[in-house]
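What follows is a set of notes on a single structure, which appears directly below.
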Amino acid sequence: MAPQMMNHDKSGSPVGGKRNFFTHLSMDEGSVRDKARLLGQINDESEDNDPSQSAFLLHFIKSSGPPQIIALCLILALALGSTIGVVPAVVEDRYARLHHGYTGAPCLELAKEDRPHECMLGNEDAQNAAAMTSFISNVCTFATSSMMGSISDERGRRGIMLVGIGLSILGPLNLVLMQLFENMSPFFYYASHATSGLVSWMAVALSALSDVMPPMWRAPSFGLVLAGFSMGFALSPILAVFLSHLGVSIFSLGILVGGFMFACVSLPETLSPISSEKARLKRLAERPMMETQTEVIMYYLQRPMKELMILNRNKLFRLLSALAFFSGCISTADHTLFLYYVVDNFGFGDKDIAVLFLIIGIMGMLVQTVVLKPLNSLIGERRVIIVAFLVGALHNYLYGVAKYKSTIFISATIASLTGMSFPTISAIKANNVDELEQGRIQGALYSLSSLASALGPMMLRYVYSQTKDGGGFGKGTMFIFGAGLYLVATLCAWLLPEEQANSNLKRDLKKRSSLVDFDQGNIDYGATEDGPG
């Protein structure tokens, strides 16, 4: 039986009559709007209440921070994506020469059927190195991302984002050096790439968007971040068709340095000083008493794991964590191993890779900018995730059974719909925590995704090693295994409680509650339901 809720007058004494209340959700959304108005990010209250696509885009463009973040995403994707086809070619050939004594023409200049055994071995070495680098990078992100997010709640987003962008320069720098020095091992490239996992600027960027975007627009806002990446990845591989591998690598390094300088000059701080101080005081209040230096050291060593405990706060967060884990395992494995798979088994060259990523990029932009926002408003976040994971299962299955290049291109086209899951999961979590915990929750979610990303390629590589000589469905069995994990994630998405997952349901409830007349002096802020007077 529900406990009786008592109303109070201005003096705090209980009163009879109709009892009116504010939900915590209403106060949370209000605080976001009030903060945005103080920062000059909302000029008219009706603009914030208008759920249309045009109102969303207008608000996004006028906000301080989101446009700069999208520009940085585009720059970074263009820089890193331009070397997608370069890295397998350079590294495979370098491993073939350093580890297997190859002395002939560059491996990828040869037709697939003409490549010597040393090149095949070099390709396997490159895949193993890529999987191990992904593992190490994501373990680093798992260990630090939640703490970095929590630190950004107290000290601001901008500084941590600059450090993360700066670390991303090291990989292209070593790729250029590796091509300038013939005997340089790919180890230095992979080591610098792994180091970038220490500070994940993406998790902090999502927190920065949460600082200024209302809850109902967070999923499409996060989608625009992925759209920026998609645009960069759509355009970048084309460079490999017109430039040499070294020329593309130098271009990548140059544009990353330019992006870092752009961030230093134009990237604003989205966290307000008031929120920063509140978060700092909150952490100090939760900090245990420490009397010895050993206790201080142990506190800081345990802090990253304690920050992750926010993921165990309730059933919703546990289910979302499961979604992030299963989808992260497969999506990262797809990104890490897919290119090596199509190069080795379908003979993809620079032109094929350019066309492939042009398709992926264009479709990614369309999904994130045109499809996600209306679909989210129509069916809600929960069903968006279900659709995304079902498509993920389908395109991984098609990868696994593909016999022709055309099947790969068709599968890659529909794969972009799977990209709706990440921004939607991030938005649900952002909508269900206090504004003082935006950095912490995004960091914790990114930590878990990174753990999954570390394990995913290793799991698929193990499946590949057991089936490449004819077991199961052959070399494509690893992708069919991935399709099975997507189906498990779909089940977890189906179990999500709609009233917590769907922002459109929450907004409708808020509108209905706002239609009830109430006496300003007769409000119970803790009540959750009406009862008899």
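What you see is a predicted model, and the numbers here were worked out from it, not measured in a lab.
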#### Entry: Residue pair Ile425 / Ala324: nearest heavy atoms and the distance that separates them
CD1-N, 4.4 Å

### Task
Carefully, step by step, assess Val355 and Leu358 under the rule side-chain contact (heavy atoms from CB on, under 4.5 Å).
CA-CA 5 Å; Val355 173; Leu358 181 63; 5.5 Å; no

### Query
Do you know the tightest heavy-atom contact between Ala444 and Ile310?
CB-CG2, 3.7 Å

### Query
Which pair of non-hydrogen atoms, one from Asp211 and one from Leu271, has the smallest distance, and what is that distance?
OD2-N, 3.7 Å

### Message
I need the Asn396 CG to Thr418 OG1 distance, nearest 0.5 Å.
### Response
7.5 Å

### Query
Side-chain contact, heavy-atom cut-off 4.5 Å: Val212 with Pro66?
yes

### Task
State whether Arg383 and Glu498 are salt-bridged, where the test is any N-O pair (Lys NZ or Arg NE/NH1/NH2 against Asp/Glu carboxylate O) under 4.0 Å.
yes

### Query
Is there a side-chain hydrogen bond (donor to acceptor under 3.5 Å, both in side chains) between Ser275 and Ser272 once you walk through the steps?
CA-CA 5 Å; Ser275 296; Ser272 69; 3.0 Å; yes

### Task
May I ask you to check whether Phe338 and Tyr399 place their ring centers less than 6.0 Å from one another?
yes

### Task
Search all heavy atoms of Leu267 against all heavy atoms of Met161 and return the closest pair with its distance.
CD2-CE, 3.9 Å

### Query
Side chains of Thr133 and Ile136: does their closest heavy-atom pair fall under 4.5 Å?
no

### Message
Once rounded to the nearest 0.5 Å, what's the spacing between atom CG of Leu167 and atom OG of Ser137?
### Response
10.0 Å

#### Entry: Heavy-atom side-chain contact between Leu394 and Ile414 under 4.5 Å
yes

### Query
Is there a donor-acceptor pair under 3.5 Å between the side chain of Ser252 and the backbone N or O of Ser82?
no

### Task
Could you tell me whether the side chain of Arg382 and the main chain of Ala501 form a donor-acceptor pair under 3.5 Å?
no

### Task
To the nearest 0.5 angstrom, please state how far the CG atom of Asn314 sits from the CG atom of Asn432.
7.5 Å

### Task
Run the numbers on Glu154 and Lys282 for side-chain contact (heavy atoms from CB on, under 4.5 Å), then give the verdict.
CA-CA 10 Å; Glu154 302 175 30; Lys282 182 177 183 293; over 6 Å; no

### Query
To the nearest 0.5 Å, how far apart are OG1 in Thr83 and CG in Leu256?
8.5 Å

#### Entry: Beyond-backbone contact of Cys73 with Trp201, side-chain heavy atoms, under 4.5 angstrom
yes

### Whether over 12 other heavy atoms sit under 6.0 Å from His395 NE2
yes

#### Entry: Whether Asn376 side chain and Leu372 backbone form a donor-acceptor pair below 3.5 Å
no

### Task
Check for a donor-acceptor pair, side chain of Ser152 on one end and backbone N or O of Gly149 on the other, with a separation under 3.5 Å.
yes

### Query
Of the non-hydrogen atoms in Cys329 and Leu485, which two are nearest, and what is the gap between them?
CB-CD1, 4.5 Å

### Task
Walk me through it: do Ile386 and Trp494 pass the test side-chain contact (heavy atoms from CB on, under 4.5 Å)?
CA-CA 7 Å; Ile386 292 174; Trp494 182 76; 4.3 Å; yes

### Query
Counting N and O atoms only, with roles assigned by atom type, does the side chain of Glu277 sit under 3.5 Å from a partner on the main chain of Ile274, one being a donor and the other an acceptor?
no

### Query
About how many Å separate CZ of Phe409 and CG of Leu398, when rounded to the nearest 0.5 Å?
14.5 Å

### Message
So does Phe262 get a backbone contact from the side chain of Gln68, meaning a donor-acceptor N/O pair under 3.5 Å?
### Response
no

### Task
Side-chain contact test, heavy atoms from C-beta onward, threshold under 4.5 Å: evaluate it for Pro497 versus Leu316 and give yes or no.
yes

### Check: Leu253 and Ile169 side chains under 4.5 Å, non-hydrogen atoms
yes

### Task
Verify side-chain contact (heavy atoms from CB on, under 4.5 Å) between Phe317 and Ile441, making sure each step is shown before the conclusion.
CA-CA 10 Å; Phe317 281 18; Ile441 188 60; 3.9 Å; yes

#### Entry: Check: Thr424 and Phe222 side chains under 4.5 Å, non-hydrogen atoms
no

### Query
Does Ser145 use its side chain to pair, donor to acceptor, with the backbone of Phe142 at less than 3.5 Å?
no

### Message
Working to the nearest 0.5 angstrom, can you tell me the gap between Leu320 CG and Leu448 CG?
### Response
10.5 Å

### Query
What's the shortest heavy-atom distance between Leu198 and Met148, and which atoms?
O-CE, 4.3 Å

### Message
Measuring only between side-chain heavy atoms, which start at C-beta, is Ile255 closer than 4.5 Å to Phe251?
### Response
yes

### Query
Under 3.5 Å, is there a donor-acceptor pair linking the side chains of Lys429 and Ser321?
yes

